[in-house]
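Let me begin by presenting the structure, written as structure tokens, before commenting on it.
Computed over heavy atoms, backbone and side chain alike; hydrogens, waters and symmetry mates excluded.
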Amino acid sequence: MIDSTLEILRTEFANLAPLAVLFGVLAYVMKRRAIVDAFRRARREFTTNIVLLLVNAVVVSPLLLVPILTGQSMLPRAQGLVDFWASVPGVLAVIAAIVMIEFAAYWRHRFEHHRALWPTHATHHADEAMTWLSVRRKHPLGELMGVLIDNLPVILLGLPFWAIGAAVLIRGWWGYFIHADVPWTVGLVGRGFISPAAHRLHHIRDEALMGTNFGNMLTMWDQVFGTYLDPAPHLNCATGIAEGTRDAWGELARPFEARYWKKAEPQPSEQPAA
């Protein structure tokens, strides 16, 4: 058990190392002399995100990796669908997997902004100094929900596990990119793909505007369901939540606090007449 846990952690750090170099260089190019101040502002939350990603790597990630790496699933998969996707060109299978995962993730993400699921999802929105590692700032319950819900449709629909794995990897890379602290709308590309500016707008401190741009990679489902908002007027907006940011242990405890589960008090206009 200890050996397998250490191997998971080693793999996680090995995967993060090139990303840290890439985004470190990007931060230097974009900020130059301001990079030291930016690091100081983000240091505490960056540490929180590291701890949370390690907890999730040990607790949650294996649930997704086992079926993908072994090609086995405990869920029913109609052989006709499996055969159909096996006959589809590989590139199309990966694109289909991305589109389907994005659809499931879009609705999962929208529901996470409702009161019942917000205490778990709030952890992801708590960063006030966003960095590329903010994508990994997730409560284990939120991480588990994402792993199960986002990938359930593509597994049930019989897509090849290698295509699902490729889609997860591509979406994961894109997730790091859109959380980076850069005010990029990526021009015409931003019409079809979520940009760093579009996703920062989703993390905006303004709770009304926070209910936009739910996609992780594609703008498709936001545009279909009317939740896409052009980020151009909101570049470099302030991020965070009313409840404030916390260290890792505070974030792990957040969903279990009684104040989240108290019924909202009726407003004076809603009080019953005497």
Side-chain angles (χ1 to χ4, degrees), residues 1 4-5 7-16 19 48-77 85 93-94 96-114 116-126 132-179 194 199 202 214-218 221 248 251-252 254-256:
M1 179 65 178
S4 61
T5 299
E7 183 58 33
I8 290 173
L9 296 179
R10 279 194 291 267
T11 301
E12 191 68 61
F13 278 118
N15 292 336
L16 286 175
L19 291 167
T48 295
N49 300 345
I50 287 285
V51 174
L52 290 174
L53 82 83
L54 293 178
V55 170
N56 289 328
V58 172
V59 175
V60 180
S61 296
L63 296 176
L64 177 60
L65 291 177
V66 169
I68 289 177
L69 295 179
T70 63
Q72 300 295 322
S73 173
M74 297 177 64
L75 299 171
R77 285 162 58 88
W85 288 111
V94 173
I98 291 173
V99 171
M100 293 179 194
I101 293 174
E102 282 283 302
F103 178 79
Y106 171 85
W107 284 107
R108 182 262 307 160
H109 195 174
R110 282 193 68 169
F111 283 123
E112 284 178 328
H113 279 249
H114 284 258
L117 296 179
W118 176 252
T120 297
H121 189 57
T123 291
H124 181 62
H125 278 262
W132 60 278
L133 204 61
S134 296
V135 68
R136 304 299 298 274
R137 185 191 182 101
K138 295 179 181 178
H139 193 278
L141 293 176
E143 182 81 351
L144 179 61
M145 188 181 305
V147 168
L148 295 179
I149 295 176
D150 296 2
N151 299 287
L152 183 62
V154 285
I155 293 175
L156 291 178
L157 290 172
L159 274 80
F161 283 106
W162 69 265
I164 298 173
V168 169
L169 187 62
I170 293 169
R171 292 182 72 250
W173 288 339
W174 197 263
Y176 287 111
F177 172 59
I178 64 174
H179 285 83
I194 295 291
H199 194 69
H202 176 72
F214 290 99
N216 176 83
M217 185 174 180
L218 306 178
W221 301 118
E251 292 296 351
L252 290 171
R254 188 192 290 273
F256 306 106

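Smallest separation of non-hydrogen atoms from Ile155 and Phe161: CG1-CE2, 4.4 Å. Between Arg254 and Pro119 the shortest heavy-atom distance is CD-O, 3.7 Å. When all heavy atoms of Ile101 and Ala167 are compared, the closest pair comes out as CD1-CB, 3.9 Å. Shown here for Ala104 and Ile149, the closest heavy-atom pair between the two residues is CB-O, 3.6 Å. In terms of heavy atoms, Ala57 sits closest to Glu12 at CB-OE1, 3.3 Å. Nearest heavy-atom pair, Trp174 versus Asn216, reported as atom, atom and distance to 0.1 Å: CD1-O, 3.3 Å.
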### Working for side chain to side chain contact (heavy atoms under 4.5 Å, CB included), residues Ile170 and Met217
CA-CA 9 Å; Ile170 293 169; Met217 185 174 180; 3.6 Å; yes
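Side-chain contact check for Tyr106 versus Glu102: every heavy-atom pair is 4.5 Å or farther apart. Residues Trp85 and Val154 form no side-chain contact, since every pair of their non-hydrogen atoms from C-beta on lies 4.5 Å or further apart.
Heavy atoms of other residues, nucleotides or ligands lying less than 6.0 angstrom from CZ of Phe13 number 12 at most.
For the atom pair OG1 of Thr123 and CG of Leu252, the computed distance is 7.5 Å after rounding to the nearest 0.5 Å. Of the inter-residue distances, the one linking His199 atom NE2 with His179 atom NE2 reads 3.0 Å to the nearest 0.5 angstrom. For the atom pair CG of Asp150 and CE of Met100, the computed distance is 14.0 Å after rounding to the nearest 0.5 Å. Expressed to the nearest 0.5 Å, how far OG1 of Thr11 lies from CG of Leu16 amounts to 11.0 Å. Between Leu19 atom CG and Phe177 atom CZ the span is 13.0 Å, to the nearest 0.5 Å. Taking CG of Asn49 as the reference point, atom CH2 of Trp132 lies at 10.0 Å (rounded to 0.5 Å).
Classified by interplanar angle (parallel below 30°, tilted 30° to 60°, perpendicular above 60°), the ring pair His113/His109 is tilted.
The pair Lys138-Glu112 fails the salt-bridge criterion, with no side-chain N (NZ, NE, NH1 or NH2) lying under 4.0 Å from an Asp/Glu carboxylate O.
With sequence neighbours left out, Phe111 forms a side chain to side chain contact (heavy atoms under 4.5 Å, CB included) with Trp107, His114, Leu117.
The ring of His124 has its center no closer than 6.0 angstrom to the ring center of His202. Ring pair Trp173/Tyr176: centre-to-centre distance not below 6.0 Å.
When Leu54, Ile50, Thr48 are each tested for a side-chain contact (heavy atoms from CB on, under 4.5 Å) with Leu52, only one passes: Thr48.
Panel note: side chain Arg77, backbone Leu159; a donor-acceptor pair is recorded below 3.5 Å.
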